[in-house]
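Everything below concerns the one structure shown next.
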Amino acid sequence: MTTIVALSMKKRIGELLTEALDRAHASGDLRSVPSPVWMETPKREGFGDYASAVAMTLAAAEQRPPRQVAELLVRHLQGADLIERVDIAGPGYLNVTVRRDAWWGVVSEVLEAGEAYGRAPASGRSVQVEFVSANPTGPLHVGHGRLAAVGLALANLLAVAGDRVEREYYVNDAGRQMRLLGESVWARYCTLVGRETPVPEDGYQGAYVEEIARSIVERDGSRYVSEPRETALAELTTLAYERLLDEIRSDLALYGVRFDAWTSERELFRSGSVERAIESLRAQGYIFEADGALWFRSSALGDEKDRVVRKQDGEWTYLASDLAYHSKKLEAGFDVLIDLWGADHHGYVGRIRGLIRAMGHPDERLRVEISQLVTVVRKGKPVPMSKRTGTFITLRDVIEEVGRDAALLTFQMRRLDSPMEFDLELAKEQSSENPVYYIQYAHARTAGILRMAAEQGVNWQPPQESDLARLVLGEELGLLKALAAYPDVVQEAAHAYEPHRVAYFLQELAGLFHAYYYKHRIITDDRPLSAARLALVAAVGVVLRNALAIFGVSAPERM
RNA sequence: GCGCCUGUAGCUCAGUCGGAUAGAGCAACAGCCUUCUAAGCUGUGGGUCGCUGGUUCGAUUCCAGCCAGGCGCGCCA
């Protein structure tokens, strides 16, 4: 039985204020019809626990000064539950102070809900998140690491916020890049068995290409050179891409990123999905022929220009299969499709949006989140990242150098659309100062205290209300308020599709806890007080754990 | 040239549909281990929010124009 957590404190206060507005309107004190109010969390202490600017918003329609509107709202809030005091401040803010005893209940709420604390009821919405989707032509690099970390977190965040979420990786295992990979491996292979062959000019030069060729030589010898070139090439291509895809899968597994579905581009061609998608667009007049090629009339759908889907030489472009891919996703009935792309693909958004429109879906159905590029720096010098030249830092390198948890969380400490610099030397040097340790250490401390309590036989669960009433310190109230805010943080972050907000919350909660721990003893001779504090500590541990889980970061019991 | 993103403390970055005295971490400096873990805590200093205008009672936030950086503008992906 899942406990459906009651409304958060913020929402409860918002409802009380909405009711007050309704009463004010019904009694004729207020002329305008009030819309649902938005509570905010004041930046400064002394401004109450929650604030609303509703009086200022209404002032114009009421043709009265904001403070006068605020005063009448305060009158209608008289006697409301939970509320200790409402102050009018500044230009007309309503600053609501919640009764101290109202906070204690959050401890029991957190402990009873456990893993479910912060989880919203099912929204009924289904969302598909497609991310990473790197071509299997080489190992994952740092940029993929950012996309993987954010995709993982975004998917988890939406799931916690109530959406049904599918995580998908689209495998580009067809087309020109695949052929180049095959030719590159072929060249290395031939050279290794004594037939010097140059790697094609646009081919892949990385050392991993030669390694693949070498492993094929070790297993199969030189038998491919006696086959017809086309047959051998096809076989080597498949061997190479399967091997690289395996590596990608294992890198992602090492990183803790799992996908629910892997869609193959080849399969889209083989199954006829590409032809069907193009035919369907043609039937609507969005496909035409010109200059010996086949075009998608995306300019009629908001794109900058029309795009080729089949080249003069008869080969389909990447766009053709991508149209088929997105058609299938739409037909699968997802309410929202999220594509997480690197900034170097953002010019692609217009044509995919064109498809969405052609298929008669609203723009909101497709969300393309663009990750600005990651610049990798080593000792202050930029490291070029190119699969073709073969000089790049792989995701695996990063995980091995700075650790999985640190890598995952580092990518969450900035907004996705903010460019970031990743200095490997710095990341190593600062590893002990990394936010991830700070947060994990807070969790380990909660675990350590609970262990000690168990050893000393201090009984604290289930928490008694009379004991919780002993939580009166400023630090304790601060922690209670943070715990109460967690469901709001999750919901607001999900609404904005911005998991990094949860990361900042984590840092704040960990900070509050460290300060509390240092200033006050949890386990003392005062058993009821100890019980109350232990319950609070346990609740902090639960929320730290739940929030870390969104990022796929571990919550160690000891460090 | 056009499009998208970015510009906030020395550095890396937050900043809640426009709101109150713009915040955090790192770095610097000064303190704190007889304690349930010092991977921690306490304090100090540090800002023309890129620039200029506009809208508004009110702009770091919205709009326009500049400046600087990144990315894109292919019958590549």
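Lettering of chains follows the sequences in order, A, B, ..., and the numbering in each one begins at 1. Just so you know, these numbers come straight off a predicted model, no measurement behind them.
- Among the heavy atoms of the strands lying under 4.0 Å from H514(A) are primed sugar atoms or P, OP1, OP2 only; no base atom is included.
- Comparing rG74(B), rU16(B), rA77(B) by their closest approach to the side chain of N172(A) singles out rA77(B).
- The side chain of H500(A) contributes an N or O atom lying less than 4.0 Å from OP1 or OP2 of rG15(B).
- The shortest distance between the side-chain N/O atoms of Y438(A) and the OP1/OP2 oxygens of rC41(B) is below 4.0 Å.
- The shortest distance between the side-chain N/O atoms of R179(A) and the OP1/OP2 oxygens of rC76(B) is not below 4.0 Å.
- Among the atoms of the strands shown, base atoms are found under 4.0 Å from some heavy atom of A89(A).
- A close approach under 4.0 Å does not occur between any side-chain nitrogen or oxygen of K519(A) and OP1 or OP2 of rG40(B).
- Taking side-chain N and O atoms only, Y517(A) has a distance below 4.0 Å to OP1 or OP2 of rA38(B).
- Checking the phosphate oxygens (OP1, OP2) of rC13(B), no side-chain nitrogen or oxygen of R415(A) falls inside 4.0 Å.
- The base of rG3(B) sits within donor-acceptor range of the side chain of H346(A), with an N or O pair under 3.5 Å.
- One donor-acceptor pair, N or O on each side, does fall under 3.5 Å between the base of rA20(B) and the side chain of N95(A).
- Across all strands shown, A51(A) has heavy atoms under 4.0 Å from base atoms, whether or not it also approaches the sugar-phosphate.
- At rG74(B), none of the side-chain N or O atoms of K311(A) fall inside 4.0 Å of OP1 or OP2 (strictly under the cut-off).
- Using a 4.0 Å heavy-atom distance criterion, I523(A) is classed as a base contact.
- Where RNA chain B pairs in unbroken runs of 3 or more (Watson-Crick or G-U, both distances under 3.5 Å), the stems are B:1-7 with B:67-73, B:10-13 with B:23-26, B:28-32 with B:40-44, B:50-54 with B:62-66.
- A residue-by-residue look at T41(A) and E304(A) shows that E304(A) has its nearest nucleotide of RNA chain B further toward the 5' end.
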